[in-house]
Structure formats: structure tokens, C-alpha cells
Amino acid sequence: MHVLILGGTTEARGLAELLAAEPLPGLRVTNSLAGRVAAPRLPPGEVRVGGFGGAEGLADWLRGHAVDLLVDATHPFAGTMSFHAARAAEAAGVPLLALRRPGWRPVEGDDWHEAGSLAEAAALLPALGRRVFLTTGRTGLSAFAGLDDLWFLVRSVDPPEAPHPARMEVLLDRGPFTLDGEREVLRAHRIDVLVTKDSGGAATAPKLRAAREAGLPVVVVRRPRVPDGVREAGEPGEALRWVREAHARRLHASG
């Protein structure tokens, strides 16, 4: 049985590690990474890097490599890829599971301001603060490029590219992040507003608690719409059970 994991996330790596330790006869796992990070942490199993050429290209790859199961474990904001996966899986007749970490939810003491896009987030900022901790990644910074009166601390794994805010300091770092570390970032840079995507998960959640403790407003960019009708799992263990069930059905049918 051949499983293709569309990865690049903590959940994708977690599933790959679980499958590597799982005694399932004949199991083959291929991890696909988009190649947007210069030095990604490689998961166990076979690894391919790069795009497929849209939904049709992915469907051709599924057929050509005899893929039996497809797991979309891409980032919650990789909306285009999720729609490509849904169309490709349907075209190739391959069962699809979306492995998506649950989104964050505000708790008492949070001062959240929701935005539907990075552009909407940028429009909210002038009324909320002057020193911005921008944790939305290295892409999409053009949405904030015209805010010349604001100062930005931009955290990303790789250096961002122009266009970007004129008054900007870059912090190259990779999660998971600690609560003490996030408190220090806010203090040392005199941050008065945080911007984040609703990525969910524990690796980058401490910044939300640090902002809550400091009484800072947080602009939260909502997740994009996801394909309808796709089965979902919220954590790698649930996805592992799905693979086990499919593997058992395959053995039963062949034996």
C-alpha cells in the first residue's frame, strides 16, 4: 500500500513518524514537500520536493506511482493545494483524508480582532498599535508595505522578500516557541500589537498567551475555505487509524 502525504507541517511529520514505526506489511510512504523552506526538517520515508503542476499533475502522479491513499497534511493556509488535492483524488479514484490541526479559540482576557485576509489585517493595524509583531510568515508582506508609520518585527524561518514594510526588523526563527521566549520578544521589542494567522497547534500558540498577559490586541487572520465533503482528522493518531483501517481492508480483500 502506497501512502502519499502532502506535508511540510508538524502534523505531517508526526504522521510519517507514526507510519515509520507501524508494522504494516507492504506499506510505502512518500512525503511531498513544497520546497518553500530552504532547509526543511525531512520526515522519515521517501521524500519528494516541489509542486505537481496543479490538480491534473497531482492526479497523474497518483496514477503513475500507484498511490492508494492520499493525506492532505498541508498548512491550514495552503488553501489552493487543498482544493487541488480534492480534485486530484476524485479524478484518480484515491481516498483522501485532510489532516488539519484545530484552529485557535479566544479565551477570557483575549483582545482579538478577526480579519479575512492579510490586507484586512493591515487595515486594522493603525488603530491598534505602532510596534507590530508580524508572525504570518515571509510571504504576503506586501499587504503591510504601505504602513510607513508603523514598525514591524517580522518572524519567519527564511528571510522575507520585497515588497515589505519600510521600517522592519527580521527575526529568523523556527518553532516550537516557549512562553518565556515569547514574553521576552514582546518586552525587548516593545511590541504593542500582534498579527497572526489562525494556524492552530501548540508550536506557535505561546505568543497568544504572552499577548493576553501583556494586554495586547491580536489581529487573527481567519483560515481560508476548505473543500466540502473531504474527511478530516485533527491529529496524526487519528490519521494513522484511517491508514490502518484501509490497510486491513486491503489485506482482507486480497486474502
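For Glu17, the side-chain hydrogen bond (donor to acceptor under 3.5 Å, both in side chains) criterion is met by Arg13, not counting sequence neighbours. Every residue two or more places apart in sequence or in another chain was checked for a side-chain hydrogen bond (donor to acceptor under 3.5 Å, both in side chains) with Glu232, and none qualifies. Residues satisfying the side-chain contact (heavy atoms from CB on, under 4.5 Å) test with Asp68, not counting sequence neighbours, are Met1, His2, Arg250. Contacts of His113 classified as side-chain hydrogen bond (donor to acceptor under 3.5 Å, both in side chains), with partners at least two apart in sequence or in another chain: Asp111.
No donor-acceptor pair closer than 3.5 Å links the side chain of Arg138 to the backbone N or O of Glu161. Asn31 contributes a side-chain N or O that, together with a main-chain N or O of Pro44, makes up a donor-acceptor pair within less than 3.5 Å. In this structure, Glu184 contributes its side chain and Asp180 its backbone to no donor-acceptor pair below 3.5 Å. For Trp151 (side chain) and Glu169 (main-chain N/O), no donor-acceptor pair under 3.5 Å exists by modelled atom type. A donor-acceptor contact shorter than 3.5 Å is absent between the side chain of Ser32 and the backbone of Ile5. Glu235 contributes a side-chain N or O that, together with a main-chain N or O of Gly237, makes up a donor-acceptor pair within less than 3.5 Å. Looking at Ser156, its side chain never comes within 3.5 Å of a backbone N or O of Leu171 through a donor-acceptor pair. Between the side chain of His75 and the backbone N or O of Phe77 there is at least one donor-acceptor pair closer than 3.5 Å.
Using a 4.5 Å heavy-atom cutoff, the side chains of Arg212 and Pro106 are not in contact. Side-chain contact between Leu124 and Val219: present, with at least one pair of heavy atoms (C-beta onward) separated by less than 4.5 Å. Side-chain contact between Pro163 and Leu141 is absent, with no heavy atoms from C-beta onward closer than 4.5 Å. Counting heavy atoms from C-beta on, the side chains of Arg231 and Trp242 come closer than 4.5 Å. Taking the side chain as every heavy atom from C-beta outward, Val71 and Leu6 never approach each other to under 4.5 Å. Inter-residue side-chain proximity for Val243 and Val3 is flagged as met; some heavy-atom pair is nearer than 4.5 Å. Taking 4.5 Å as the limit, every side-chain heavy atom of Val29 sits out of range of all side-chain heavy atoms of Glu46. Within the 4.5 Å cutoff, the side chain of Leu62 has heavy atoms near those of the Leu4 side chain.
Under a 4.0 Å N-O distance rule, the pair Arg183/Glu213 qualifies as a salt bridge. One finds no salt bridge joining Lys207 and Glu182 here, because no Lys/Arg side-chain nitrogen approaches an Asp/Glu carboxylate oxygen to under 4.0 Å. Between Arg155 and Asp173 there is no salt bridge, since no side-chain nitrogen of the basic residue lies less than 4.0 Å from a carboxylate oxygen of the acidic one.
Geometric assessment of Arg48 against the ring of Phe52 yields a positive cation-pi assignment under the 6.0 Å and 45° thresholds. A cation-pi contact, defined as under 6.0 Å to the ring centre and within 45° of the axis, is absent between Arg225 and Phe83.
Counting all heavy atoms, side chain and backbone alike, Ser199 lies closest to Pro76 at O-CG, 3.5 Å. Nearest heavy atom pair, residue Val230 against residue Ala98, reads CG1-CB, 3.9 Å. When every heavy atom of Pro43 is checked against every heavy atom of Leu33, the shortest pair comes out as CD-CD1, 4.5 Å. Contact detail for Pro206 and Phe177: the closest heavy-atom pair is CG-O, 3.1 Å. The minimum heavy-atom distance between Gly234 and Leu99, with the atom names listed, is C-CD1, 4.2 Å. When all heavy atoms are compared, the tightest approach of Leu134 to Phe144 is CD1-CZ, 3.7 Å.
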Test side-chain contact (heavy atoms from CB on, under 4.5 Å) on Val195 and Leu125 and set out the steps.
CA-CA 9 Å; Val195 182; Leu125 286 178; 3.6 Å; yes
Can Thr135 and Thr204 be said to form a side-chain contact (heavy atoms from CB on, under 4.5 Å), step by step?
CA-CA 9 Å; Thr135 64; Thr204 59; over 6 Å; no
Show the numbers, then the answer: is there a side-chain contact (heavy atoms from CB on, under 4.5 Å) between Thr196 and Leu208?
CA-CA 9 Å; Thr196 182; Leu208 299 175; 4.1 Å; yes
Candidate pair Leu150 and Arg131, rule side-chain contact (heavy atoms from CB on, under 4.5 Å), full reasoning:
CA-CA 6 Å; Leu150 277 56; Arg131 297 182 66 82; over 6 Å; no
Verify salt bridge (Lys or Arg N to Asp or Glu O under 4.0 Å) between Asp198 and Arg222, making sure each step is shown before the conclusion.
CA-CA 6 Å; Asp198 180 18; Arg222 294 189 298 271; over 6 Å; no
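When hydrophobic clusters are built by joining Ile, Leu, Val, Met, Phe, Trp and Tyr residues whose side-chain heavy atoms come closer than 4.5 Å, directly or via intermediates, Phe152 is grouped together with Val193. Clustering ILVMFWY residues whenever any of their side-chain heavy atoms sit less than 4.5 angstrom apart, transitively, puts Leu58 in the very cluster that holds Val67. Residues Leu118 and Trp104 do not share a hydrophobic cluster, defined by chaining ILVMFWY side chains whose heavy atoms lie under 4.5 Å apart. One hydrophobic cluster, built from ILVMFWY side chains closer than 4.5 Å, cannot hold both Val49 and Met81; they sit in different ones. Under the 4.5 Å side-chain heavy-atom criterion for grouping Ile, Leu, Val, Met, Phe, Trp and Tyr, Leu70 is not connected to Leu27 through any hydrophobic cluster.
Within the structure, salt bridge (charged side-chain N to carboxylate O under 4.0 Å, His left out) contacts touching residues 75-96 (residues at least two apart or in different chains) do not occur. For residues 49-63, the side chain to side chain donor-acceptor pair (under 3.5 Å) pairs, not counting sequence neighbours, are Asp60-Arg63.
Residue His247 holds its NE2 atom at 11.5 Å from CG of Leu240, rounded to the nearest 0.5 Å.
Side chains of Thr74 and Asp72: a donor on one and an acceptor on the other come within 3.5 Å.
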